[in-house]
Structures are given as structure tokens and as C-alpha cells.
Colleague: 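Just passing along the structure, written as C-alpha cells.
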Protein chains: 2
Amino acid sequence: MTIRLLLADDQELIRHALGVLLDLEPDFEVVASVGRGDEVTAAALAHRPDVALLDIDMPGLDGLAAAAVLTAQVPECRVVILTTFGRTGYLRRAMEAGAVGFVVKDAPADALADAVRRVMAGERVVDPTLAAATLAAGESPLTARERDVLIAARSSATVAEIAARLYLAEGTVRNYLSGATTKTGTRNRMEALRVADERGWL
Amino acid sequence: MTIRLLLADDQELIRHALGVLLDLEPDFEVVASVGRGDEVTAAALAHRPDVALLDIDMPGLDGLAAAAVLTAQVPECRVVILTTFGRTGYLRRAMEAGAVGFVVKDAPADALADAVRRVMAGERVVDPTLAAATLAAGESPLTARERDVLIAARSSATVAEIAARLYLAEGTVRNYLSGATTKTGTRNRMEALRVADERGWL
DNA sequence: CCCGATTTCTGACAGATGTCACGGCGAATC
DNA sequence: GATTCGCCGTGACATCTGTCAGAAATCGGG
């Protein structure tokens, strides 16, 4: 019984190389391969893969959102997130989105095939180094409001804009941003934003 | 006559997948594969590859520096830089470091093998989309001093620290940073730094 | 219902940041 | 030689940003 795979990664060269690598395994077959997050569900419906390997950085729809849609619409397809080590903060959200595996691109060569087989066996698979790092990062210490403000800060450059968008006084916004920078151990809101984002606190 | 290849990329899974992909070509043979920039030269001396494929993001020594060392010490080995689309600003510096090819990971699947063969035939190979983008980004509009200050700003967080390091008045540093933000079309020095870095202006 | 604790929100203040107008210097041009 | 132009360096000014102490609102337990 061969395992049918769907592959999603926006870097075509990488996607193709991974496809070749996986197709070499006698019990694997890559049945679909897409370069955009918003093509994942359609491809899954058309080709009925057993496992979907999704990158996080993709145009259209990111891998986490794609995972959520996919698990809702094609529940028999198991989702494995495959991404860069820097994006490890998304582990928790990936699990909430219904993923059952999380493999980093720094992992040893055979980790991917191994993860696929174990996922098919019903296990959840997470790189142990990664799990430890996530555990160390811990729960988000940010309050709901601090998170809101940080998210708004991502698209709005100035405090006044954020205040206007959230219907807050400027002082309030500055206060939340200050709290966020303290809790992230950074020195300004730009760094706080980056750190919080990396740790999956947004 | 088979073409001997050296592969350098810090993401082991990706490196292995690319290795498998290239080894499938009948006229290619991957003779060395390393995960750090500072291992490139030693591996090249030991295995005498015809072409070295180098990623830019690597620990130890980045791909550009590795390319410079490699072309100096093993001049018969041709260097092809293989990297992410976001790092395209490094094209000029890659060429200055002695690279004869520049392939992005977004390229079509056969672009890499094609690039290797053309490089072996004595051609220089650059993705046309990429060349156009680089041309559009153009020469750096930054003055020498503005570049210095931006580079110092990368490691020092505050204006006072930069001023102390470069023996300038704080006002002067602020002035250069202001110039840099204007020329990059950004709103603060953080963004200016990021943009200038992406475009290879540093 | 009341009390304390937590969260939300605000204005005030000091310090950092970005912009401006200015003078000095060297190279290219007329 | 005089002029023009671009780059380097500086201080002054208005604005933005981060931190603080504390008021109002919310919530859960006694």
C-alpha cells in the first residue's frame, strides 16, 4: 500500500527536489505538487493524498491557514508542516490548525520520510529539539490587548495610526507596546514585534 | 566526462534533496556536501569539484565570503550561488566574489542542472528575472558615510553608541540615518536598514 | 453585596529620533 | 582662478517614543 503525498512549497526548485527525494522511497508516491497555499485544498480534493507536506511561507495563503482549511474539508488527509528553523514559534498554532507533524528543514535527510511513515501510523511527530525550544519559549506572557496592539503595529508604522485603528488613546498604545518590549526583553517595538512573531505569540 | 559537484547549504534536508536531484543527471556526480561556509574550501581541496553550488545563508562563513576564498584557492572550481529570492541584492557582490552563476530557489526545476552545464561551457548564468530586478534596484545611492553608519546601526541599537563607535557627533549620525531613510523610501532607520540590506547596498 | 486583584486605559514626563538650515572641504567644470 | 556641485560634519528644533504612577472598569471569591 503506497502512501500518497501532496507537496506545497513556493520555492519550485526545492519543491521539485523534495518530490524526487520522496518518490525514491518505494512506498511513497507524490500525487500533487503546488506552489501556493490557496491551491492546496483543491489539489487535495482532486488527488486525495494521505499526507500533505506544507511549507509555512507561501503566497496566497500561508501553510497554517491552508492546514486549517485542509483538515476541515479533507479530514482523512494528515498534515505535516515542513518549514525553516526560524519559524519554529508556529508549532503551537500548527497543532491547533490540525497538523499532526512538524519537521524542520535543518533536520537529517531521512527525518522527513520517517515523519511521514509515523504520521501514517497514527503518531504525532515533532522534532525533539524543536519541542524543547517551544517548551522553553513557553506560553505567551502577553495580555490580549498587548497582542492586539502588536498585531496592529505590524501594518501601521506610527503610534497614532494604531491608536486610531483600535479606538485607543495614544498613551494607551504606547503603554501596551512598552509592556510588550519589557516582556520580550527587547529595546523597541520593532524588535518586540519580531521576537513575539518568531515565538508564535501573535 | 562527468561534472563533479560540491554542494553547500545549511539546511540538511534541502541539501540532501538537491544532491539526490543532481545525482540523477547522468553526467553529474556530487562529490562533496557540506553544511557550513567554512568547510567549503577544505572540501574543495579534498575532492576537486568542477562546480561548487553555494547557498548564501550559512553558519561559519556566508556563501559570498566562501566564494571569494574558494575562487582564490581553487581557481579551477567554478562557483554558482544558489539562494532565496529575497537575497537577490547580493548578485553584484556575488559576481565580485568570483561567482559565475546565480540561481534562485524559486527557479523552474531544471534551471539548476541547466545552469551547471552552461557554466561548465564557460558561460555566465544569471536568472533573467533576477537580472532585471537587480538592474531596477540599481547602483547604491548611499554615500560612503551613510553606508558606514547603517552598518554600525546593524549591531548598535542606539544613536549614541553609533556616534561613539564612529567618533561622530550624535547629530551627524542622525543626519546620515535620515538620508538613508529618505533614499530607501522608508520611515525609520530599522526599515531603511532592512531595505538597504536586501538590495545589497551594504 | 463587597472587597481585593487583575486588566484596561489615561495623561505627564524625560529621553531618543528625525528633519532642517548651515558652514567647510575637495573635485570637476567653465 | 572662479564657480558650481556633491559630500561631510554640526547644532537646534519639533516630534515621536518609552516609562511611570495612578484612575476607571471588570471579574471572581467570600
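Quick note: numbers below take in every heavy atom, side chains included, and nothing from hydrogens, waters or symmetry partners. In the text below, chain A, chain B and the rest are named by the order of the sequence lines, each starting its count at 1.
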Colleague: Would you find a donor on one side and an acceptor on the other, under 3.5 Å apart, between the side chain of A/Arg36 and the backbone of A/Pro59?
Modeller: no
Colleague: Looking at B/Phe28, is B/Arg4 sitting on its ring face, NZ or CZ under 6.0 Å from the six-membered ring centre and within 45 degrees of the normal?
Modeller: no
Colleague: Could you tell me whether A/Arg187 atom CZ has more than 12 heavy atoms of other residues or ligands within 6.0 Å of it?
Modeller: no
Colleague: Tell me the interatomic distance from B/Glu191, atom CD, to C/dG18, atom P, rounded to whole angstroms.
Modeller: 11 Å
Colleague: B/Thr181 near the nucleic acid: base, sugar-phosphate alone, or nothing, with a heavy-atom cut-off under 4.0 Å?
Modeller: sugar-phosphate
Colleague: Short question: side chain of A/Arg78, backbone of A/Val119 - any donor-acceptor pair under 3.5 Å?
Modeller: yes
Colleague: With a 4.0 Å cut-off on N to O distance, would you call A/Arg145 and A/Asp148 a salt bridge?
Modeller: yes
Colleague: Answer with base, sugar-phosphate or nothing: what part of the nucleic acid does A/Arg187 contact at a heavy-atom distance below 4.0 Å?
Modeller: nothing
Colleague: How close or far is atom P of D/dT19 from atom CG of A/Leu177, stated in whole angstroms?
Modeller: 10 Å
Colleague: Roughly, in whole Å, what's the span from CG in B/Asn188 to P in D/dG18?
Modeller: 10 Å
Colleague: Take B/Asp27 and B/Arg117 through the test salt bridge (charged side-chain N to carboxylate O under 4.0 Å, His left out) and record every step on the way to the result.
Modeller: CA-CA 9 Å; B/Asp27 51 341; B/Arg117 292 201 185 91; 2.8 Å; yes
Colleague: Take atom CZ of B/Arg189 and atom P of D/dC16, then tell me their distance rounded to the nearest Å.
Modeller: 16 Å
Colleague: Each nucleotide in nucleotides 4-11 of chain C should get exactly one letter: B, S or -. Can you fill that in based on protein heavy atoms under 4.0 Å?
Modeller: ----SBBS
Colleague: Taking only side-chain nitrogens and oxygens of B/Thr182, does any of them come within less than 4.0 Å of OP1 or OP2 of C/dG18?
Modeller: no
Colleague: Closer than 4.0 Å, any side-chain N/O of B/Thr158 to the OP1 or OP2 of C/dA16?
Modeller: no
Colleague: How close or far is atom C1' of D/dT17 from atom CG of A/Leu150, stated in whole angstroms?
Modeller: 15 Å
